[in-house]
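The next block holds one structure in the form of structure tokens; read it before the comments.
What you see below is based on every heavy atom in this structure, not just the backbone, and it leaves out hydrogens, waters and symmetry mates. Since the structure is predicted, the reported quantities are computational estimates derived from the model, not experimental observations.
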Amino acid sequence: MTSTTKGYRVGWLIDGTGKPAVENRIIAVDGGRIQAVLAPGDTQPAGMTIVDLSSCTMIPALIDSHVHLVMSGTTEPSVRQEQLKSAYRGRLKTLALNLRKHLACGVMAVRDGGDHNGDTLRYKLDQSAHPPTPVTIASAGRARHAPGRYGKLIGIPVEAGMTLTQSAFGMDTRRDHLKLVNSGLNSLTQFGVESLPQFKVDELAAAVAEARRRGQPTMVHANGHLPVKLAVEAGCTSIEHGFFMGRDNMCRMADHGVVWVPTAVTMKAYGDYLKAQGHRSDPSFADVSLKNLEHQLEQIAMARQLGVTLAVGTDAGSPGVHHGQSLKAELQLFITAGFSVEGAIRCASRIGAMLMGLPERGKIAPGMRADFIAVKGSPQQVPDALHQIACRVVEGRSVDADATF
């Protein structure tokens with residue numbers, strides 16, 4: 001290590017592996033990489049510049065494993081419609097604003113679940129049209145759903161005369177991952193109601209196999225026992241949402257290494273909104289949302305015990321689910337469901353990095369890319385203190401929360 005090395009002295013370190021936090025460490029960074037994690041008494045490189053963050057806890061840069069960047073979390077229907085119907089330049093402004101919100105909350109990478117026009121993929125690929133962003137984007141382009149079924153907001157239906165595989169790889173072939181929709185929405189009016197699958201298992205399996213051949217993971221929107229079962233049997237990479245999927249599916253997921261992104265915060269946000277605003281049809285719908293949340297927390301607790309790999313994703317862009325700040329709420333829900341702070345941070349960093357195909361991120365260790373944040377306070381105050389970020393570092397460079405791009 002040379003004199004260009006910068007050392008970040010922190011009071012506590014959560015390294016992203018799920019191990020208990022350790023005290024009084026110096027993270028030595030040079031050339032965009034973590035060179036060493038120094039404990040008290042370790043020899044420090046000569047000439048290293050020290051950044052004193054002794055009152056802070058350092059954690060890996062956070063990753064939201066399920067977002068919709070082109071949509072905001074507003075609950076105002078007219079605003080949501082305007083965002084969706086506006087020209088591309090208008091939607092681009094919404095997308096850029098949402099990226100800034102993620103950055104402000106320490107989220108340095110997002111995994112997008114698709115949009116009807118493929119705007120997020122277009123934004124990512126057309127880098128000459130806008131300044132670079134420090135937030136890494138993985139995009140599905142447009143999801144695929146069955147004709148006449150749920151999915152218009154996040155994708156397009158399979159075209160007439162085409163198979164699912166033909167439709168999925170006829171366009172958006174430069175996507176980062178394939179998004180398939182295999183159920184309806186989780187019911188917000190009746191507790192525990194399940195929708196039918198959108199595709200047969202052989203249709204799903206063929207699309208997943210082609211995606212794998214092209215090096216693309218597959219994320220599948222699925223709620224309910226049968227839609228999840230078919231997606232897992234087809235070999236998908238991850239299940240998104242997974243409300244009411246049940247223990248048997250969790251066992252299958254654990255056995256096959258399928259990652260679960262439960263997005264529990266969606267039900268909290270919607271329930272809170274209905275309780276505050278009421279509902280034009282039935283005020284009991286708020287209670288249904290909160291019952292859905294309670295059941296999802298029970299499933300998260302069970303999945304942890306069964307050895308299912310979970311990633312933190314928020315479904316940001318859904319009504320009441322705001323970009324950036326909702327990741328804090330989802331982390332809190334993971335902790336409520338039985339995860340330790342360190343375990344929850346692992347789901348929002350290392351697991352998310354692996355899901356996005358970023359093996360050099362999500363962990364604070366020698367050789368890893370230097371992406372991390374320092375939060376004011378001790379580990380016991382994380383994630384509550386995620387609004388008090390003292391330092392953001394992306395690839396070894398300090399980044400301001402109000403960076404423009």
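For R149, the side chain to side chain contact (heavy atoms under 4.5 Å, CB included) partners at least two apart in sequence or on another chain are A146, S195, Q198. Residues passing the side chain to side chain contact (heavy atoms under 4.5 Å, CB included) test with K376, sequence neighbours excluded: C56, Q388, A390. Under the side chain to side chain contact (heavy atoms under 4.5 Å, CB included) criterion, S167 pairs with R144, V158, E159, M162, sequence neighbours left out.
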Between K229 and E233, is the salt bridge (Lys or Arg N to Asp or Glu O under 4.0 Å) condition met? List the steps. CA-CA 6 Å; K229 179 176 182 289; E233 289 179 349; 2.7 Å; yes

Under the side-chain hydrogen bond (donor to acceptor under 3.5 Å, both in side chains) criterion, do T74 and E76 qualify, and how do the steps go? CA-CA 6 Å; T74 179; E76 176 54 52; over 6 Å; no

Working note: F334 + V312, criterion side chain to side chain contact (heavy atoms under 4.5 Å, CB included); need CA distance, chi angles, decisive distance, verdict. CA-CA 8 Å; F334 267 55; V312 170; 3.9 Å; yes

Test side-chain hydrogen bond (donor to acceptor under 3.5 Å, both in side chains) on D30 and T4; report intermediate values, then the result. CA-CA 6 Å; D30 194 8; T4 61; 2.8 Å; yes

Residues W12, M58; criterion side chain to side chain contact (heavy atoms under 4.5 Å, CB included); working and verdict: CA-CA 6 Å; W12 301 267; M58 180 180 286; over 6 Å; no

Side chain to side chain contact (heavy atoms under 4.5 Å, CB included) evaluation trace for T57 with I14: CA-CA 7 Å; T57 299; I14 297 176; 4.0 Å; yes

Going through the checks in order, is the side chain to side chain contact (heavy atoms under 4.5 Å, CB included) test met by R212 and V208? CA-CA 6 Å; R212 187 179 295 116; V208 169; 3.5 Å; yes

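Annotation for V341 and P379: closest pair CG1-O, 3.7 Å, computed over non-hydrogen atoms. Contact between A269 and G320 at its shortest, heavy atoms only, is CB-O, 3.4 Å. When every heavy atom of A286 is checked against every heavy atom of G271, the shortest pair comes out as CB-O, 4.0 Å. The minimum heavy-atom distance linking P60 with I364 is given by the pair N-CD1, 3.6 Å. The heavy-atom pair separating A374 from L53 by the smallest distance is CB-CD1, 3.8 Å. Taking each heavy atom of A143 and G113 in turn, the nearest pair found is CB-O, 4.4 Å.
For the atom pair CD (E203) and OG1 (T163), the distance works out to 8.0 Å, reported to the nearest 0.5 Å. With values rounded to the nearest 0.5 angstrom, H177 atom NE2 is found 9.5 Å from T218 atom OG1. Note that OG1 of T309 is 13.5 Å distant from CZ of R304, once rounded to the nearest 0.5 Å. If you take OG on S318 and CE on M267, they are separated by 8.0 Å, rounding to the nearest 0.5 Å. Of the inter-residue distances, the one linking N292 atom CG with N186 atom CG reads 4.5 Å to the nearest 0.5 angstrom. Between the CG atom in L310 and the OG atom in S65 there is a gap of 10.5 Å [rounded to 0.5 Å].
Counting heavy atoms from C-beta outward, I239 and V232 have side chains that approach closer than 4.5 Å. L306 places a side-chain heavy atom less than 4.5 Å from the side chain of M302. Using a 4.5 Å cut-off on side-chain heavy atoms (C-beta onward), F372 and V29 make contact. With a 4.5 Å cut-off on side-chain heavy atoms, R33 and M368 do not count as touching. In this structure, the side chains of V265 and L333 come closer than 4.5 Å at one or more pairs of heavy atoms. Between V181 and I154 the shortest side-chain heavy-atom distance falls below 4.5 Å. Between N117 and Y88, every side-chain heavy-atom pair lies at or beyond the 4.5 Å cut-off. Between Q44 and I26 the shortest side-chain heavy-atom distance falls below 4.5 Å.
Between H221 and Y150, the two ring planes are tilted [angle within 30° to 60°]. Between F243 and H241, the ring planes are parallel. Angles under 30° get that label, and only those over 60° would be called perpendicular.
When atom types are taken as modelled, the side chain of H102 and the backbone of I63 share no donor-acceptor pair closer than 3.5 angstrom. Checking side-chain atoms of N182 against main-chain N and O of F199 turns up a donor-acceptor pair under 3.5 Å. Side chain of N98 to backbone of L69: a donor-acceptor contact under 3.5 angstrom is found. No donor-acceptor pair under 3.5 Å is formed between the side chain of T173 and the backbone N or O of F169. A donor-acceptor contact shorter than 3.5 Å links the side chain of E194 to the backbone of H225. Not one N or O on the side chain of R369 forms a donor-acceptor pair closer than 3.5 Å with the backbone of G32. A donor-acceptor contact shorter than 3.5 Å links the side chain of S183 to the backbone of N223. Put simply, the side chain of R91 gets close to the backbone of S86: a donor and an acceptor are under 3.5 Å apart. For the pair D371 (side chain) and E395 (backbone), a donor-acceptor distance under 3.5 Å is present. Looking only at distances, a side-chain donor or acceptor of Q299 sits under 3.5 Å from a matching main-chain atom of M245.
Atom CZ of R214 sits in a crowded spot, with more than 12 heavy atoms from other residues, nucleotides or ligands closer than 6.0 Å. By the 6.0 Å contact criterion, CZ on R111 is enclosed, its count of non-hydrogen atoms from other residues, nucleotides or ligands being greater than 12. The number of heavy-atom neighbours closer than 6.0 Å to NZ of K268, taken from other residues, nucleotides and ligands shown, is 12 or below. Around NE2 of H256, the count of heavy atoms belonging to other residues, nucleotides or ligands within 6.0 Å does not exceed 12.
Counting only N and O atoms by type, the side chains of D112 and S139 include no donor and acceptor under 3.5 Å apart. With hydrogens and angles left out, the side-chain atoms of D315 and H68 include a donor and acceptor closer than 3.5 Å. D384 and Q332 form a side-chain donor-acceptor contact under 3.5 Å, judged by distance and modelled atom types alone. Side chains of E240 and S238: a donor on one and an acceptor on the other come within 3.5 Å. Side-chain contact annotation: T136 with R361, donor-acceptor N/O pair under 3.5 Å present.
Classification of D400 and R392 as a salt-bridged pair fails, no side-chain N sitting under 4.0 Å from a carboxylate O. Salt-bridge check for R213 with E210: passed, with a basic side-chain N closer than 4.0 Å to an acidic carboxylate O.
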